[in-house]
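Chain identifiers are assigned alphabetically (A, B, ...) following the order of the sequence lines, protein sequences preceding nucleic acid strands; residue numbering begins at 1 within each chain. Here the structure is a predicted model, which is why all the values come from computation and not from measurement.
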2 protein chains.
Amino acid sequence: MAKRATARDVAEQAGVSKWTVIRAFTPGASITEGSRAKVMAVAEKLNYRPNLLARSLATNLTHQVAVLVDDFENPYKLSFLERLTLELQSEGLVAVLININEHFDHVHALLNADQRQLDAVIMCGTAFRTEMLQDVRLDGAAPMFVLARDSQIPGVPAINCDTTLAIKDLCRHLHEKGYRRPGFMAGPKTLSTALGRRRAFKAFWRAHGITEMPELAAHHYSAASGAEAVRRYLNEVSPAGRVDVLLCENDVLAFGAMDVIRSEFGLKVPIDIAVAGFDNTLFAAAPAYDLTTYEQPVEAMVKATVAMILGREPKKTVTMPGRLVVRGSA
Amino acid sequence: MAKRATARDVAEQAGVSKWTVIRAFTPGASITEGSRAKVMAVAEKLNYRPNLLARSLATNLTHQVAVLVDDFENPYKLSFLERLTLELQSEGLVAVLININEHFDHVHALLNADQRQLDAVIMCGTAFRTEMLQDVRLDGAAPMFVLARDSQIPGVPAINCDTTLAIKDLCRHLHEKGYRRPGFMAGPKTLSTALGRRRAFKAFWRAHGITEMPELAAHHYSAASGAEAVRRYLNEVSPAGRVDVLLCENDVLAFGAMDVIRSEFGLKVPIDIAVAGFDNTLFAAAPAYDLTTYEQPVEAMVKATVAMILGREPKKTVTMPGRLVVRGSA
DNA sequence: AAGTTTTTTGCTACCGGTAGCAAACGCGCA
DNA sequence: TGCGCGTTTGCTACCGGTAGCAAAAAACTT
């Protein structure tokens with residue numbers, strides 16, 4: 001197997017200097033049609049393509065972006081990844097997917113991205129402790145972005161769905177439908193997004209004269225945890241005293257909740273307990289769940305993030321409205 | 001913001017040559033404890049970390065692997081991505097996620113991976129035409145691997161679940177349960193995996209004296225397509241003549257099928273029609289579907305792929321057995 | 001035809017490492 | 001004290017491009 005051709009190889013065969021070869025491949029470079037054609041012919045013959053690694057070293061631009069993900073249980077992540085890769089690729093960038101887990105934490109990932117000279121780091125809904133990231137010393141490192149989650153870190157913009165508006169829309173719908181005993185199922189408490197959604201929820205109902213709002217706590221963002229939280233709740237509370245609608249912090253929790261409500265307690269959704277979620281996962285539309293939920297503006301969020309990476313937009317935290325999706329579950 | 005420190009900066013401050021600095025960071029290099037400590041102290045102070053880009057250029061090794069994905073509708077992909085990134089990262093490699101779509105095809109991706117000098121390319125269940133890839137001239141390019149799909153391309157190993165065995169296991173279970181009027185729902189015909197599963201299915205039932213096997217065709221691997229295929233079928237066939245069990249080529253099709261069977265035709269699963277899938281997606285376990293399915297040995301497949309990439313195992317096509325997952329739907 | 005301007009081409013230096021050879025060093029031993 | 005030997009250090013050359021200046025060539029003036 002022949003070694004790949006370099007600009008020098010092409011130059012020798014074409015009888016020009018390697019810089020002329022480079023120019024033939026540089027759009028807008030100063031070169032005559034004749035030279036360019038001559039170079040291109042040889043390049044074609046030798047199957048030459050510029051080495052992007054060498055270019056990156058010289059220009060300090062890799063056109064690679066780290067995308068950190070820590071939760072592969074939520075199918076919703078897949079749509080984020082799809083749109084994100086699509087958008088990045090359409091701009092000539094490429095996503096380096098980094099799995100954040102107990103063996104490979106954010107600091108690890110950040111150092112790695114730094115050593116690989118990636119152009120930017122997108123934390124795609126990952127759970128991190130602010131202090132942890134503030135301590136990492138990264139001189140001249142890639143700009144960071146927090147996608148689909150709040151950021152308290154100075155200088156690190158967050159690109160988000162407007163949680164307050166979203167929860168208000170959801171709750172208004174539930175209120176109009178006549179529900180008056182709302183419950184909230186929260187995921188792990190540590191996460192800032194969680195707190196935001198919870199706060200907005202409480203604020204809405206309190207403003208409507210309702211003060212009692214049971215809160216169910218799920219330990220992870222998984223259907224199993226959602227199921228467990230509801231199971232615990234329904235076993236503790238008498239049928240008369242239980243909530244008439246349960247707003248879950250995301251669809252996955254809602255799916256777990258519905259499963260238990262229906263198959264373990266024989267209750268009907270939405271008649272006995274209505275359920276709403278957040279994210280509009282693929283499965284939310286399936287008749288088996290038919291979940292009322294809220295859709296984040298994934299495309300707009302992704303576009304905004306990439307625009308900031310490319311420097312087309314100033315780097316700053318933005319929130320944007322999503323869309324209430326009313327279905328049968330509430 | 002200060003520019004990042006290089007080996008030369010450290011060398012100057014430590015009063016040694018840059019090669020000594022490099023050696024301090026090279027495990028097993030010949031260097032005295034004294035020099036190493038001196039270098040490390042300065043490196044720590046300047047926050048120096050070796051530039052992997054420069055290293056890659058010199059060593060011809062990027063420790064980056066392209067992962068091509070073309071179907072973001074199947075939550076199953078997410079588990080593949082999770083395990084794959086996990087395994088790659090544990091070996092010091094990193095995944096470059098490439099979204100294959102109508103604007104960015106396999107050839108595009110391959111050329112891109114080549115120019116970026118990636119160490120390997122994994123086609124993760126992507127649909128490609130063999131001729132298309134054979135024509136790409138890539139001298140000295142990264143080795144390719146086909147994961148979770150067949151490969152007809154010479155020199156390109158496929159790492160697969162043993163389809164024949166899998167379908168046989170599934171069908172044997174269905175046969176033992178007493179089903180005798182089996183139907184098969186296939187995805188897009190062009191894909192080789194599809195053909196394999198279908199062939200195995202037909203072979204099994206024919207061997208058991210059954211020759212009539214309705215085949216429902218879904219145009220995409222999506223719940224909507226599965227739903228549509230079943231809808232068409234049930235509208236055409238009289239209740240007496242319809243299948244008693246439907247084996248779907250994957251879980252997502254099965255979900256769509258179950259949705260229609262239950263909510264549009266008011267039939268019961270598995271009493272009126274049993275349904276089985278393939279993949280054991282997260283949602284297959286949910287009570288709402290409770291789908292009998294077959295689980296591919298994702299971890300083993302991923303490990304085998306990475307082992308080949310690292311050269312620990314010879315590059316060759318392998319198939320490995322998965323696991324029948326019996327649930328309520330069949 | 002010579003002078004001037006503009007375009008094209010070639011060049012040096014550099015990006016930040018690696019490979020492998022040669023010189024310098026340290027150490028034991030005669 | 002000098003020799004031999006292994007270890008440590010420094011060096012040149014290189015990976016394959018980019019940046020920007022200087023020389024050469026082409027085009028335009030007058």
Side-chain angles (χ1 to χ4, degrees), chain A residues 2-40 42-43 46-64 112 114-119 139-141, chain B residues 2-40 42-43 46-64 112 114-119 139-141:
Chain A
K3 262 194 64 183
R4 60 176 355 94
T6 73
R8 191 157 51 144
D9 300 331
V10 176
E12 273 169 25
Q13 285 220 21
V16 296
S17 70
K18 76 166 184 171
W19 297 276
T20 302
V21 174
I22 300 288
R23 284 188 184 101
F25 281 86
T26 309
S30 160
I31 186 173
T32 56
E33 254 327 298
S35 312
R36 159 167 266 130
K38 195 165 54 181
V39 167
M40 284 312 196
V42 177
L46 299 183
N47 203 17
Y48 166 79
R49 257 153 296 130
N51 181 333
L52 296 186
L53 212 50
R55 174 178 299 172
S56 294
L57 180 62
T59 56
N60 245 321
L61 241 54
T62 53
H63 298 287
Q64 295 189 327
N112 203 265
D114 179 50
Q115 287 196 267
R116 295 197 131 95
Q117 308 277 93
L118 304 192
D119 292 347
D139 309 326
Chain B
K3 262 194 61 182
R4 61 178 352 97
T6 73
R8 191 157 50 142
D9 301 330
V10 176
E12 273 169 26
Q13 286 219 21
V16 295
S17 71
K18 77 167 183 170
W19 298 276
T20 302
V21 174
I22 300 288
R23 283 188 185 102
F25 281 87
T26 310
S30 159
I31 187 174
T32 56
E33 254 326 299
S35 311
R36 160 168 266 130
K38 194 164 56 182
V39 167
M40 284 312 197
V42 178
L46 298 183
N47 203 18
Y48 166 79
R49 256 153 297 131
N51 181 333
L52 296 187
L53 212 51
R55 175 177 299 172
S56 294
L57 180 61
T59 57
N60 246 321
L61 240 52
T62 53
H63 298 287
Q64 294 188 329
N112 202 265
D114 179 50
Q115 287 195 268
R116 294 198 131 97
Q117 309 276 93
L118 304 192
D119 292 347
D139 310 325

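- Straight-line distance from the CD atom of B/Q115 to the C1' atom of D/dG17: 12 Å, rounded to whole Å.
- Across A/S56 and B/L53, no two heavy atoms sit closer than the pair CB-CD2, 3.6 Å.
- Taking all atoms of both residues into account, the shortest heavy-atom contact from A/V39 to A/F25 is CG1-CE1, 4.4 Å.
- C/dG16 atom P lies 8 Å from atom CG of B/D9, rounded to whole Å.
- When all heavy atoms of B/A11 and B/S17 are compared, the pair lying nearest together is CB-C, 3.6 Å.
- In this structure, A/F25 reaches neither bases nor backbone, as no heavy-atom distance under 4.0 Å exists between it and the strands shown.
- Judged by closest nucleotide on DNA chain D, B/T32 is the one of B/T32 and B/A58 placed further toward the 5' end.
- The nearest whole Å value for the distance from the CZ atom in A/R4 to the C1' atom in D/dG17 is 13 Å.
- Interface remark: the A/R23 side chain does form a donor-acceptor pair with the C/dG10 base, using a distance-only criterion of under 3.5 Å.
- Spacing between atom CG of A/L57 and atom C1' of C/dC14 amounts to 9 Å, rounded to whole angstrom units.
- The side chain of B/K3 lies closest to C/dG16, out of D/dT18, C/dG16, D/dC11.
- Looking at heavy-atom distances under 4.0 Å, A/I31 makes contact with sugar-phosphate atoms alone, never a base.
- Between B/R8 and C/dC15 there is a side-chain N or O to OP1 or OP2 distance below 4.0 Å.
- Between B/S35 and D/dT9 there is a side-chain N or O to OP1 or OP2 distance below 4.0 Å.
- The CG atom of A/N60 sits 10 Å away from the P atom of C/dC15 (whole-angstrom rounding).
- Between the side chain of B/Q117 and the main chain of B/N60, no donor-acceptor pair closer than 3.5 Å is present.
- Between B/A54 and B/S30, the residue whose closest nucleotide on DNA chain D is further toward the 5' end is B/S30.
- Put simply, NZ on B/K38 is 14 Å from P on D/dT8, counting in whole angstrom units.
- If you find the closest nucleotide of DNA chain C to A/W19 and to A/E33, the one lying nearer the 5' end belongs to A/E33.
- Comparing D/dT18, C/dG16, D/dG17 by their closest approach to the side chain of A/T59 singles out D/dT18.
- Under a 3.5 Å cut-off, the side chain of A/R4 and the backbone N or O of B/D114 do form a donor-acceptor pair.
- Contact check, B/S56 against C/dG17: no side-chain N or O comes under 4.0 Å of OP1 or OP2.
- Across the protein-nucleic acid pair, A/R55 atom CZ and C/dG16 atom P stand 18 Å apart, rounded to whole Å.
- At D/dG10, one or more side-chain N or O atoms of B/T20 fall inside 4.0 Å of OP1 or OP2 (strictly under the cut-off).
- What separates CG of B/L46 from C1' of C/dG16 is a distance of 15 Å, to the nearest Å.
- Side-chain proximity of A/I22 to the nucleotides D/dG17, D/dT9, D/dC15 is greatest for D/dG17.
- Evaluation of atom-type donor-acceptor distances gives a pair under 3.5 Å for the side chain of A/K18 against the base of D/dG17.
- Checking A/V10, A/V16, A/V21 one by one against A/V42, the side-chain contact (heavy atoms from CB on, under 4.5 Å) holds for a single residue, A/V10.
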